[in-house]
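Below: one structure, written as structure tokens.
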Amino acid sequence: MFAKDVIRIVDFFGYKLDFEPTPHVLALQNIDVPGIIGKVGTLLGENNINIAAMQWSRNRKGEKAVSFVSVDTEVSDEILQKLLQIEGVLKASRLNF
């Protein structure tokens, strides 16, 4: 089935994605190392923030990666700061669509 009039992010500054924007999205940039996805998910879960969808993309193994994480509720400044404290996370931003 094909959706009509659905917006999707398929390229983000040269990173290939397939992500449907939702009202609350986290945009992350990180070093491509094992464990980042788990640490991000754990931090959000420990703060009662449910992940609805996520899409990670990298161009080369071991370099930088970007992600969009759709969540059910708005993420506070405090949680954004905690995300930035995860080793390997370079940027964390809220996007509201």
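Below, all heavy atoms of this structure are taken into account, side chains as well, without hydrogens, waters or symmetry copies.
- Within the 4.5 Å cutoff, no side-chain heavy atoms of Phe19 are placed close to those of Ser67.
- Side-chain contact between Arg94 and Val25 is absent, with no heavy-atom pair separated by less than 4.5 Å.
- Contact of the Leu44 side chain with the Ile51 side chain is registered, since non-hydrogen atoms from C-beta on lie closer than 4.5 Å.
- A salt bridge is absent between Asp32 and Lys64; no separation between the charged side-chain nitrogens and carboxylate oxygens falls under 4.0 Å.
- The cluster map of Ile, Leu, Val, Met, Phe, Trp and Tyr, joined by side-chain heavy atoms under 4.5 Å apart, puts Leu28 and Val66 in different clusters.
- When all heavy atoms are compared, the tightest approach of Ile31 to Gly62 is CG2-O, 4.2 Å.
- Val89 and Leu95 fall into different hydrophobic clusters, where Ile, Leu, Val, Met, Phe, Trp and Tyr are joined by side-chain heavy atoms under 4.5 Å apart, directly or via other members.
- Residues Leu26 and Val75 form a side-chain contact, since some pair of their non-hydrogen atoms from C-beta on lies under 4.5 Å apart.
- Taking a 6.0 Å sphere around CZ of Arg60, one finds it holds 12 or fewer heavy atoms contributed by other residues, nucleotides or ligands.
- The cluster map of Ile, Leu, Val, Met, Phe, Trp and Tyr, joined by side-chain heavy atoms under 4.5 Å apart, puts Val69 and Leu17 in different clusters.
- Nearest heavy atoms, Tyr15 versus Ala65: CE2-CA, 4.2 Å.
- Here the side chains of Pro21 and Ile7 are in contact, with some heavy-atom distance below 4.5 Å.
- Heavy atoms of other residues, nucleotides or ligands lying less than 6.0 angstrom from CG of Asn96 number more than 12.
- Between Phe68 and Phe12, the angle of the ring planes goes over 60°, which puts this pair in the perpendicular group of the 30/60° scheme.
- With contacts defined as side-chain heavy-atom distances shorter than 4.5 Å, the pair Glu87/Ile36 does not qualify.
- Within the 4.5 Å cutoff, the side chain of Asn30 has heavy atoms near those of the Trp56 side chain.
- Hydrophobic cluster membership is shared by Leu43 and Leu90, with clusters built from Ile, Leu, Val, Met, Phe, Trp and Tyr side chains linked at under 4.5 angstrom.
- Around the CD atom of Glu63, the shell of radius 6.0 Å holds more than 12 heavy atoms that belong to other residues, nucleotides or ligands.
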